[in-house]
Protein chains: 2
Amino acid sequence: MTPINQLAEPWRSLPERLRARGLRWTPQREAVVSVVAGSDGHLTGAELVERCRSADPRTTPSTVYRTLDALEAMGLVQHGHGADGREEYHVQPAGEHGHRYCAHCGKHWDIDPTSAAGAAIIEAFRPDGFIVDLSHVTIVGRCNGCT
Amino acid sequence: MTPINQLAEPWRSLPERLRARGLRWTPQREAVVSVVAGSDGHLTGAELVERCRSADPRTTPSTVYRTLDALEAMGLVQHGHGADGREEYHVQPAGEHGHRYCAHCGKHWDIDPTSAAGAAIIEAFRPDGFIVDLSHVTIVGRCNGCT
DNA sequence: ATTAATGCAAACGGTTTGCACTACT
DNA sequence: AGTAGTGCAAACCGTTTGCATTAAT
């Protein structure tokens, strides 16, 4: 996909920031990162492995997961868990957000902290002094069209 | 654990209700059910397997999971997913409820639909015509004492 | 030259499946 | 007798690990 140096921040400067931490920038990481950066904001580990493999069949799962760890350490992605319990990675520029799935049709929506619903969830637990991590929130139910 | 016929409804009548559906009541199912009925309202599949094994080491995972399927079909349990993504089974008498975990200390609370927080979540999506299944809701964050 | 990252293969944990056998109805 | 449920073992899927090799610094 798009080479790293054509991407906007925070991706463009990633190689340097990795090096600053004593980590390294490799062709494999570039491949993984370009897929992540070109995603819609969330992917499961398995999805990413698959997309990387179709870009380059030589990609191995371990490299992908290790790269995800590095990206998480850099604060560029954050992991949560989807409706089926898989590891789900949220890409940072999209901001911390949760997910909402229709159990019937599978449709899904983001839950943004600035939306009414997102704010309501955060507020719901504030009286207890509990700070909700919205990126781990998954709401499952039945949507409008699936009644 | 407690034999089935010493339990309250809805467990006591379970054998008959299974039979009414053409399903069967077996010693293995009694063993699993007595553990489920004696639980605090939620267990993961793996937890249940383990508890059954310690009651009777001959228990096999397949039997446990198949029994859970049967119990779910009877509406006695309902599955969701916990903070780590495992299958989590909610025992019915406790009512449909979600869970809330502190990512730091691991403490956990139920989210009851009648509580302010539970209601807030349900209400949050009502404007969209979306019916939240609270038993699938897991809120992760940081609690009061872990600031 | 140092040491982080890779690729492989093998292991993991939780769950599911195929199949011949058992036992509930 | 009929068929649902069992137990075993093996397969599954997504993820993680050990280890010798490669390559970024």
Side-chain angles (χ1 to χ4, degrees), chain A residues 4-5 14-33 35-36 42-74 77-89 138, chain B residues 4-5 14-33 36 42-53 55-74 77-89 138:
Chain A
I4 206 71
N5 55 37
L14 179 56
E16 293 89 283
R17 282 181 297 132
L18 280 170
R19 291 190 189 105
R21 290 216 194 177
L23 306 178
R24 293 173 187 178
W25 182 244
T26 68
Q28 293 88 337
R29 290 196 164 175
E30 168 154 21
V32 173
V33 164
V35 174
V36 171
H42 26 69
L43 333 120
T44 63
E47 247 169 39
L48 183 55
V49 168
E50 205 172 302
R51 290 201 206 171
C52 288
R53 289 202 102 108
S54 65
D56 177 357
R58 334 174 45 122
T59 316
T60 57
S62 42
T63 295
V64 173
Y65 284 105
R66 285 192 278 230
T67 299
L68 282 170
D69 287 349
L71 293 181
E72 190 154 24
M74 302 298 298
V77 303
Q78 216 180 330
H79 84 277
H81 22 79
D84 50 1
R86 302 181 175 186
E87 292 294 337
E88 180 151 291
Y89 289 86
T138 300
Chain B
I4 207 68
N5 55 37
L14 180 56
E16 293 89 283
R17 283 180 297 133
L18 281 169
R19 292 189 188 105
R21 291 216 193 177
L23 305 177
R24 293 174 187 176
W25 183 244
T26 67
Q28 293 88 337
R29 290 197 165 173
E30 169 153 21
V32 173
V33 164
V36 171
H42 25 70
L43 334 120
T44 62
E47 248 169 39
L48 181 55
V49 168
E50 206 171 303
R51 291 202 206 168
C52 288
R53 289 203 101 108
D56 177 358
R58 335 174 46 122
T59 315
T60 57
S62 42
T63 295
V64 173
Y65 284 105
R66 286 191 277 231
T67 299
L68 281 170
D69 287 348
L71 292 182
E72 189 154 25
M74 302 299 297
V77 303
Q78 216 180 329
H79 82 279
H81 22 79
D84 51 359
R86 302 180 177 187
E87 293 292 338
E88 179 150 291
Y89 290 85
T138 300

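In the text below, chain A, chain B and the rest are named by the order of the sequence lines, each starting its count at 1. Note that this is a predicted model, so its numbers are computed, not measured.
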Would you tabulate the nitrogen or oxygen pairs shorter than 3.5 Å linking the protein to nucleotides 17-23 of chain C?
none

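Contacts of B:Glu72 classified as side chain to side chain contact (heavy atoms under 4.5 Å, CB included), with partners at least two apart in sequence or in another chain: B:Val77, B:Gln78, B:His79, B:Tyr89. For B:Arg58, the side chain to side chain contact (heavy atoms under 4.5 Å, CB included) test picks out B:Asp56, with sequence neighbours left out. Contacts of B:Thr63 classified as side-chain hydrogen bond (donor to acceptor under 3.5 Å, both in side chains), with partners at least two apart in sequence or in another chain: B:Thr60. Residues satisfying the side chain to side chain contact (heavy atoms under 4.5 Å, CB included) test with A:Ala73, not counting sequence neighbours, are A:Arg21. Taking the side-chain hydrogen bond (donor to acceptor under 3.5 Å, both in side chains) definition, one finds that A:Arg24 meets it with nothing, sequence neighbours left out. For A:His42, the ring-ring contact (aromatic ring centres under 6.0 Å, His included) partners at least two apart in sequence or on another chain are A:His97, A:His99, A:His108.
One interatomic measurement links the two molecules: CG of B:Leu68 to P of C:dG14, which rounds to 15 Å at whole-angstrom precision. When the C1' atom of D:dT6 is taken as reference, atom CH2 of B:Trp25 falls 15 Å away, rounded to whole Å. Rounded to whole Å, the distance from CD on A:Glu30 to P on C:dT6 is 13 Å. For the pair A:Leu18 CG and C:dT6 C1', the computed distance is 15 Å after rounding to whole Å. The distance between atom CD of B:Glu50 and atom P of C:dG13, rounded to the nearest whole Å, is 11 Å. One atom, CG of B:Leu14, and another, P of D:dG5, lie 12 Å apart when rounded to the nearest Å. Rounded to an integer number of Å, the gap from CG of A:Asp69 to P of D:dT16 is 7 Å. Between the P atom of C:dG13 and the CD atom of A:Glu87 lies a distance of 16 Å, rounded to the nearest Å.
Atom OG1 in A:Thr59 sits 9.0 Å away from atom CG in A:Leu48 (nearest 0.5 Å).
The closest donor-acceptor contact from the side chain of B:Thr67 to the backbone of B:Val32 lies at 3.5 Å or more, if one exists at all.
For the OP1/OP2 pair of D:dG5 and a distance below 4.0 Å, the side-chain nitrogens and oxygens of B:Arg29 include at least one atom meeting the criterion. Contact between the side-chain N/O atoms of B:Arg58 and the OP1/OP2 oxygens of D:dG7 is not found at any separation under 4.0 Å. In this structure, A:Thr63 reaches the C:dG7 phosphate: one of its side-chain N or O atoms is under 4.0 Å from OP1 or OP2. Taking 4.0 angstrom as the limit, A:Thr44 places none of its side-chain polar atoms (N or O) nearer than this to OP1 or OP2 of D:dG14. Within the structure, every side-chain polar atom (N or O) of A:Gln28 is placed at least 4.0 Å from both OP1 and OP2 of C:dA5.
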Next item on the list: Begin with the C-alpha distance, continue with both residues' side-chain angles, and end with the deciding distance and a verdict on side chain to side chain contact (heavy atoms under 4.5 Å, CB included) for B:Leu14 and B:Arg29.
Entry: CA-CA 10 Å; B:Leu14 180 56; B:Arg29 290 197 165 173; over 6 Å; no

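Nearer to the 5' terminus of DNA chain D, by closest-nucleotide assignment, is the contact made by B:Thr60 (compared with the other of B:Thr60 and A:Pro15). Between B:Thr26 and B:Gly45, the residue whose closest nucleotide on DNA chain C is further toward the 5' end is B:Gly45. Nearest-nucleotide positions on DNA chain C for B:Leu23 and B:Glu47 put B:Glu47 closer to the 5' end.
End-to-end axis angle of the helix from C:dA1-D:dT25 to C:dG14-D:dC12, using five pairs per end and rounding to 10°, comes to 30°.
A:Arg51 has its side chain within reach of A:Leu43: a pair of non-hydrogen atoms, C-beta onward, lies under 4.5 Å apart.
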